[in-house]
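What follows is one structure encoded as structure tokens, with my remarks underneath.
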Protein chains: 2
Amino acid sequence: MPTIGDVAARANVSTATVSRALNGKATVDPELAKRVRAAAEELGYRPHGPARNLRRKTTATLTLVVTDIGDPFFAALARGLEDTARDSGYSVVLCDTDDDPARERSALDVALQERVAGVVIAPTSAATDVSKLIDHGAAVVAVDRPLDEPRSDRVLVDTRAAAAKATSQLLDAGYRRIGYFGCRADGYPDRQRLAGYQDALGTNADECLIRHACPRSDTAASAIRDLLTPPVSADALLIASPQLTPDTLGAVTEHELALGTDFGVVAFDVAAWAMAVRPALSVVSQPAYEMGVTAARHIVARLAGETGAPRHTELSPEFVVRGSSLRESR
Amino acid sequence: MPTIGDVAARANVSTATVSRALNGKATVDPELAKRVRAAAEELGYRPHGPARNLRRKTTATLTLVVTDIGDPFFAALARGLEDTARDSGYSVVLCDTDDDPARERSALDVALQERVAGVVIAPTSAATDVSKLIDHGAAVVAVDRPLDEPRSDRVLVDTRAAAAKATSQLLDAGYRRIGYFGCRADGYPDRQRLAGYQDALGTNADECLIRHACPRSDTAASAIRDLLTPPVSADALLIASPQLTPDTLGAVTEHELALGTDFGVVAFDVAAWAMAVRPALSVVSQPAYEMGVTAARHIVARLAGETGAPRHTELSPEFVVRGSSLRESR
DNA sequence: TTGTAAGCGTTATCAT
DNA sequence: ATGATAACGCTTACAA
């Protein structure tokens with residue numbers, strides 16, 4: 001692999017000139033610049049990233065820390081981040097934490113070691129410590145969940161309002177015993193959605209209509225059964241987790257309940273397959289891609305020298321009413 | 001940010017000793033080693049990644065190049081890769097190409113610049129040029145699609161056999177006009193699946209039962225309509241793309257066809273929501289996570305010095321028969 | 001405008 | 001076993 005010295009030799013100039021020419025500094029003779037580019041081309045020269053990073057004391061790398069890239073929400077966010085970051089010359093390193101604070105810590109630790117320029121993180125908890133990163137000059141933006149750290153930007157979604165809206169719509173459609181089904185009751189998004197659900201129901205909220213369970217587990221199966229049968233007998237469900245949705249819908253059919261007509265459903269973040277079911281699913285979909293784009297923009301702006309108060313962006317989810325939450329459907 | 005020199009000063013040793021101690025070299029007095037670790041700890045010292053990479057002439061970074069991380073197949077693969085790579089100390093950089101050779105080239109180019117240790121790529125075409133990477137010593141493994149480059153490892157899936165098996169099962173279940181619905185007719189996976197479909201059908205294959213369309217487009221809608229109505233009148237469908245599946249299923253219902261009973265369906269790579277539909281979907285699911293794990297293992301082995309012929313791994317997809325491809329269902 | 005040379009923070013060679 | 005010291009390949013004062 002040729003170095004900048006090889007290019008310099010071939011173009012009969014100094015390494016400094018090669019560096020300047022290749023980095024498009026104005027102060028270099030067009031004639032020489034051309035010669036340098038030609039030499040670099042002929043040698044197949046590629047600047048040595050680590051050396052450059054060492055010298056410049058910064059990298060063109062962003063770290064994305066999420067619970068699970070297999071979650072379509074985070075995958076879409078990652079896509080938005082990568083598309084936007086790449087346009088500004090940044091690469092994206094991917095880290096999955098599985099909501100494990102230890103894994104998260106280690107991910108942030110390597111981010112610090114590698115001197116990444118920025119970190120986009122869906123923190124396991126608001127207390128996650130990103131101060132060392134920020135002290136060192138990295139731009140940090142929290143996505144999906146807030147961070148206590150006052151110097152971090154954030155990109156959140158008003159999922160609480162969306163949950164309230166969805167619940168109200170179910171109410172309007174005539175459902176009376178509307179349940180809430182979520183996983184990870186301790187997580188920020190779930191708490192927000194539950195709060196929105198309760199906002200809409202007011203004093204009518206009935207504790208036994210609220211359930212939490214891990215997707216694809218026995219507890220999920222029995223929670224669903226409980227919800228669908230007496231004494232609970234829900235007649236509609238706000239499903240806060242996309243992972244819980246397939247099994248729930250299956251159970252609804254199993255219990256001979258007609259989706260929409262007998263049993264209303266609004267699901268969160270089911271984007272890919274809402275139309276696979278009939279009647280089609282009513283969904284609250286979060287603007288995951290845009291969140292990634294926005295996070296990237298914040299970081300790029302910060303790294304471009306923008307100073308001042310942290311940016312707090314709150315996007316709105318889209319609520320799409322389809323047959324699954326309409327009594328009059330069919 | 002403290003450097004190795006600061007640690008050395010605090011521990012009253014040379015930087016060389018600090019380096020050795022922190023990298024666990026045997027040749028260092030346990031006493032000193034402890035002092036060094038303490039000093040490093042107190043200072044919150046983190047080795048400077050780029051400097052280390054420069055000196056070591058290699059990085060602990062892998063680049064993953066896929067068409068779209070939003071595709072659940074690639075997301076699962078990414079997860080498997082990241083989990084496994086992390087265990088060996090590697091980070092994963094994510095690049096989406098959208099099947100665009102230009103974007104792919106630029107992704108490979110930065111991988112080369114950054115001197116990544118390895119590349120996992122689902123190439124846009126077998127002709128994709130990874131030779132410079134390999135010349136430079138990077139380990140390259142092709143996933144999902146093969147690469148002409150003879151020095152690259154590969155992790156493929158026998159999707160052709162799986163398609164044949166699925167088609168045969170439809171045949172056995174009594175369906176007679178089995179269609180094939182795919183997107184991107186020029187891609188390797190689609191060609192394999194179509195070939196498998198034809199393997200099973202033999203001379204009975206009817207050209208007009210084979211359609212290709214882009215997901216969520218007008219062409220998709222009309223292709224589905226054509227397939228479901230005379231003169232084509234398919235009575236079953238092998239859906240080679242998960243993205244095409246929701247709309248197809250919706251259309252089946254719209255045409256008053258009972259899934260399974262009237263119209264058989266086997267879908268590829270629908271893992272998350274196969275159980276949301278009733279009857280549940282028969283699916284061919286590729287071992288995406290395992291592919292990522294395997295790719296990581298290959299790379300780690302290569303980088304650990306393993307030499308010899310390229311590893312060619314072929315995994316088998318799982319074919320799960322459920323109600324959607326059983327005539328006797330209901 | 002161009003060249004010389006001093007680092008950036010490590011690791012590894014070579015003495016001691 | 002430990003310590004000087006020379007790279008690694010690049011960018012950027014500073015000189016010319």
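Computed over heavy atoms, backbone and side chain alike; hydrogens, waters and symmetry mates excluded. Note that this is a predicted model, so its numbers are computed, not measured.
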Distance-only, no hydrogens or angles: does the [X] side chain make a donor-acceptor pair with backbone N or O of [Y] under 3.5 Å?
X	Y	result
B:T59	B:N53	no
B:D100	B:T97	no
B:D71	B:F73	yes
A:R46	B:Q113	no

Quiz item: Checking all strands, does A:T27 fall into the base, sugar-phosphate, or nothing category for heavy-atom contacts under 4.0 angstrom?
Solution: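 Base contact - A:T27 has a heavy atom under 4.0 Å of at least one base atom.
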Quiz item: So what does A:P50 hit on the nucleic acid, given a heavy-atom distance under 4.0 Å: a base, only sugar-phosphate, or nothing?
Solution: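 Here A:P50 touches no strand at all.
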In whole angstrom, what separates [X]'s [atom1] from [N]'s [atom2]?
X	N	atom1	atom2	value
A:L22	D:dT12	CG	P	13 Å
B:E114	D:dC10	CD	C1'	13 Å
A:R56	D:dT12	CZ	C1'	11 Å
A:Y45	D:dC10	OH	C1'	7 Å
B:R115	D:dC10	CZ	C1'	11 Å
B:N12	D:dA4	CG	P	11 Å
B:R20	D:dA4	CZ	P	11 Å

Distance check: side-chain N/O of [X] vs OP1/OP2 of [N], anything under 4.0 Å?
X	N	answer
B:S14	D:dG3	yes
B:K57	D:dG9	yes
A:N53	D:dC10	no

Exercise. Tell me yes or no: between the side chains of A:T128 and A:S125, is some donor less than 3.5 Å from an acceptor?
Key: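 Note: A:T128 and A:S125 side chains miss the donor-acceptor criterion.
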Quiz item: For residues B:T61 and B:E114, is any side-chain donor paired with an opposing acceptor at under 3.5 Å?
Solution: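 On atom types as modelled, these side chains do not qualify, holding no pair under 3.5 Å.
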Self-check item: Nearest-nucleotide comparison on DNA chain C, the residue closer to the 5′ end among B:T17 and A:D29
Solution: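 Upstream on the strand: A:D29.
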Quiz prompt | Chi angles and distances behind the salt bridge (Lys or Arg N to Asp or Glu O under 4.0 Å) call for B:D135, B:R151 | solution = CA-CA 10 Å; B:D135 290 344; B:R151 293 168 295 171; 2.9 Å; yes
Exercise. Extract, from 5' to 3' on DNA chain C, the first and final nucleotides lying under 4.0 angstrom from some heavy atom of chain B.
Key: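 Span of nucleotides near chain B: C:dG9 to C:dT13.
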Quiz item: Which nucleotide in the set D:dT2, D:dG3, D:dT11 lies at the smallest distance from any side-chain heavy atom of B:L32?
Solution: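 That would be D:dT2.
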Quiz item: To the side chain of A:R52, which of D:dC8, D:dT2, D:dC10 is closest?
Solution: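 Closest of the options to the side chain of A:R52: D:dC10.
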Quiz prompt | Set of salt bridge (Lys or Arg N to Asp or Glu O under 4.0 Å) partners for A:D68, sequence neighbours left out | solution =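 A:D68: salt bridge (Lys or Arg N to Asp or Glu O under 4.0 Å) contacts with B:R79.
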Quiz item: Between the two ends of the helix from C:dT1-D:dA16 to C:dT16-D:dA1, what is the bend in degrees, rounded to 10 degrees, where each end axis spans five pairs?
Solution: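 Roughly 40° between the end axes, to the nearest 10°.
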Practice problem: Using a strict 4.0 Å threshold on nitrogen-to-oxygen distance, state whether A:D83 and B:R103 make a salt bridge. | Solution: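 Salt bridge: yes.
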Quiz item: Between A:R86 and B:D98, does at least one N-O distance fall below 4.0 Å, as a salt bridge requires?
Solution: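 Answer for the salt bridge query: no.
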Self-check item: Toward the 5' end of DNA chain D, by each residue's nearest nucleotide, A:A16 or B:R55
Solution: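 Here B:R55 is the residue nearer the 5' end.
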